[in-house]
Protein chains: 2
Amino acid sequence: MVGHRSQVAKDLFAGIQPKLREVFQTQSRVFLTSSSGTGLWEGMLRSCTSGRLLLLTCGAFGERWAEVAQSNGIPFDQASVSWGSPNSPEQLEKALAKRRYAALALVHNETSTGILNPLKEIADVARVFDPEMLILVDAVSSAGGVPIATQDWGLDVVVTSSQKCFALPPGLAFSAVSDRAIDHALKVTHRGWYFDAVRLDKALSKNGTPATPAISLLYALDKQLDRILEEGLTNRYIRHADLAQRAQSWAVEHMDLYAQEGYRSPTVTCIRNTRNLDLTALNDHLSLSGMTIASGYGPLKDQTFRIGHMGELRVEDLEILFREIEAFMEM
Amino acid sequence: MVGHRSQVAKDLFAGIQPKLREVFQTQSRVFLTSSSGTGLWEGMLRSCTSGRLLLLTCGAFGERWAEVAQSNGIPFDQASVSWGSPNSPEQLEKALAKRRYAALALVHNETSTGILNPLKEIADVARVFDPEMLILVDAVSSAGGVPIATQDWGLDVVVTSSQKCFALPPGLAFSAVSDRAIDHALKVTHRGWYFDAVRLDKALSKNGTPATPAISLLYALDKQLDRILEEGLTNRYIRHADLAQRAQSWAVEHMDLYAQEGYRSPTVTCIRNTRNLDLTALNDHLSLSGMTIASGYGPLKDQTFRIGHMGELRVEDLEILFREIEAFMEM
């Protein structure tokens, strides 16, 4: 283990930064914290929201962000759609016609329902209405697997965590952060300390973090960023799209899909459990081959189940999974 | 890697809890977060301080906690002593005679000056003055190396991190938390989410954390807790005291000590750089043998240097270090 103020740690940190910027497609900065994605997301919401927040929600994680805003005393309005549907540019237009907001927050890929929101189209509407309003994106289950042109789309905060499309152990979170977001943060009085955007920015300029980071995980991150860039972002996006297509066609053949057509996620497929499979028994069966699927999230617990196909997964891996689910169905 | 909601992860988490309670000497609960110690400390300060806070400080980390309180809008008074001196029960008595506080916070072992505060004596005074006031302890560089009878001494929050006396990689933080602290937290309106004591408590009762934890580090923690308990807490405390005694006698022989006699830390020795050693050159020399010392903290940068002697270190390791420093001095 090396000291976090040592030159070795600083060099490691400095080497990671350009690679992170490449993956997030931004020239500004990417924060790195030792936490889950939720922790850093909360920190960015709290330290960058300089006024009223508009929250677009379409599932369980959106609902969680309402809780996060509430628990931090951030004044907000929530615009929701029914689960299984995406948030839309039209929905945003309506909300922005009514009042001004300091920031807009939304979930790019809603893991609970398998919905990918039309982020670019939503960001376009936001920018036309208000060039100063921040656009904060929870990209936990999309960044690194789905195209996000942070800078070109004018996104101010894009958060993800290590254990999703980056295919690393959990324990690290990343956030692309624009200059505009830092400007907003400077107007916020009580930004907190550990996840304070201004403090993180200052430490980043000296190749570090305000507090000791999880150094062992940084070594893994450095290595995995090389692997991601070696595959190439476009290839990676295509591979995730291929995985989703295969998962969707299998689901349609055997059961049904939960998410609205046209907005189905490239990284997680939410399947209607029309055959009333016993999901606990299914997972017991799958665990014999070292695999596991996720049951439905919250209110969708038994009605749906979800297959995550992200990170380093290949179509061949999915075929093995489907063969085992089919074997279970025939048992 | 296993899913953080899987039974394997729950079993791992459940197995860790009684061992953590044993190390913290409490029967209530020990929170575990994926963060540095500062992150969890901030979270406990923020979510448990239900009124005005009294902060005792005697060095750089105490000053940092003033910043943390400020950045979270926690109203507080600060009672300081000059660096190199300890906080005292008398100092606390004076402060408590003036007004009531919802919580008292202090640093057990001030790493910047090598001071170990008389925690039990301070806690005794606090309890006599106000049975309801919370006692929050930053034990980052003491827990696991210096006796802390959390429950017997009536401490409400005792925070540490993985990379100090626990001798683990950084990335995890732990906090013993009393029922009284949870009662206070229920009165706080904006506790935040990721580090919210109430939310952490609820998740702990289901053998988990509100958000995904750094699972790879949990495996290391589980193993290391066994090692700590196998050595025995008392043996571990004695070993740290022996290390400190050796470090102090070496320092007196060759230079001088910074911290006031009677309050010198068992885990870190702060040495006056009376020989004006070039600390960068010294560390360059030491790094050849894979060792490093810490230069003075903040304003003490060149005037002092610090030797951390905690975790799994043995006196033999210190002897090797001292031999190399002596070789450097003769060069």
Side-chain angles (χ1 to χ4, degrees), chain A residues 1-8 33-43 45-47 64-65 67-74 161-164 167-173 189-196 198-199 209-218 220 283 287 292 294-295 308, chain B residues 1-8 33-43 45-47 64-65 67-74 161-164 167-173 189-196 198-199 209-218 220 283 287 292 294-295 308:
Chain A
M1 193 46 58
V2 298
H4 79 288
R5 302 276 181 227
S6 69
Q7 196 54 45
V8 186
T33 55
S34 298
S35 68
S36 79
T38 297
L40 182 52
W41 174 252
E42 175 183 25
L45 265 191
R46 182 187 184 196
S47 64
R64 180 187 279 189
W65 307 147
E67 257 184 45
V68 166
Q70 186 96 55
S71 68
N72 283 283
I74 301 168
S161 57
S162 51
Q163 78 278 14
K164 300 292 182 187
L168 284 161
L172 294 178
T189 317
H190 297 129
R191 296 189 301 265
W193 202 98
Y194 189 67
F195 291 118
D196 170 16
V198 176
R199 201 166 259 111
T209 45
T212 318
I215 291 174
S216 56
L217 299 178
L218 292 188
N283 257 334
S287 71
T292 177
S295 61
Chain B
M1 194 44 58
V2 298
H4 78 290
R5 301 279 181 226
S6 69
Q7 196 54 45
V8 186
T33 54
S34 298
S35 69
S36 78
T38 297
L40 182 53
W41 173 252
E42 175 182 25
L45 265 192
R46 182 186 184 197
S47 64
R64 180 187 280 191
W65 306 148
E67 257 183 45
V68 166
Q70 186 96 53
S71 68
N72 282 283
I74 301 169
S161 56
S162 50
Q163 79 278 13
K164 300 292 182 188
L168 283 162
L172 294 178
T189 315
H190 298 129
R191 295 189 301 264
W193 202 98
Y194 189 68
F195 291 118
D196 169 17
V198 176
R199 200 166 259 113
T209 46
T212 318
I215 291 174
S216 56
L217 299 177
L218 293 188
N283 257 335
S287 70
T292 178
S295 61

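In what follows, every heavy atom counts, from backbone to side chain, and hydrogens, waters and symmetry copies are set aside. All values reported here derive from a predicted model rather than from experimental measurement. So that the names make sense, note that chain A is the first sequence line, chain B the second, and so on, each numbered from 1.
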Original post:
Under a 4.5 Å heavy-atom cut-off, does chain A meet the side chain of B/Pro213, its backbone, both or neither?
Top reply: backbone

Original post:
If you count heavy-atom pairs under 4.5 Å between each of A/His190, A/Glu67, A/His4 and chain B, which one has the most?
Top reply: A/His190

**OP:** Could you have a look at A/Pro169, A/Ser162, A/Gly171, A/Ser35 and say which one has the most heavy-atom pairs with chain B under 4.5 angstrom?
**Re:** A/Ser35

Subject >> Stepwise side chain to side chain contact (heavy atoms under 4.5 Å, CB included) test for B/Leu172 and B/Ser34 >> reply: CA-CA 5 Å; B/Leu172 294 178; B/Ser34 298; 4.1 Å; yes

Original post:
Which is it for B/Thr212 and A/Lys164 under the side chain to side chain contact (heavy atoms under 4.5 Å, CB included) test, yes or no, and what are the steps along the way?
Top reply: CA-CA 11 Å; B/Thr212 318; A/Lys164 300 292 182 187; 5.9 Å; no

Subject >> Residue pair B/Trp65 / B/Leu45: nearest heavy atoms and the distance that separates them >> reply: O-CD1, 4.4 Å

Original post:
Which heavy atom of A/Gly37 sits nearest a heavy atom of A/Ser161, and at what distance?
Top reply: N-CB, 3.6 Å

Original post:
How long is the span from the CD atom in A/Glu42 to the CZ atom in B/Phe195, to the nearest 0.5 Å?
Top reply: 8.5 Å

**OP:** Count the heavy-atom pairs under 4.5 Å between each of B/Asn72, B/Thr209, B/Ile215 and chain A, then report the option with the highest count.
**Re:** B/Asn72

Subject >> Between B/Ser6, B/Pro210, B/Ser36, the one whose heavy-atom pairs under 4.5 Å with chain A are most numerous >> reply: B/Ser36

Original post:
If you measure only the distance, is there a donor-acceptor pair under 3.5 Å linking the side chains of A/Thr292 and A/Asn283?
Top reply: yes

Original post:
Picking from A/Ser71, A/Ala214, A/Ala211, which has the most non-hydrogen pairs under 4.5 angstrom with chain B?
Top reply: A/Ser71

**OP:** Below 4.5 Å from any heavy atom of chain B, which atoms of A/Leu217 appear? Answer side chain, backbone, both or neither.
**Re:** side chain

**OP:** Can you tell which part of B/Gln163 gets under 4.5 Å to a heavy atom of chain A, answering side chain, backbone, both or neither?
**Re:** side chain

Original post:
Does CD in B/Gln70 sit with more than 12 non-hydrogen atoms of other residues, nucleotides or ligands closer than 6.0 Å?
Top reply: no

Original post:
In terms of heavy-atom pairs under 4.5 Å with chain B, which of A/Gly39, A/Ser216, A/Gly192, A/Gly73 leads?
Top reply: A/Gly192

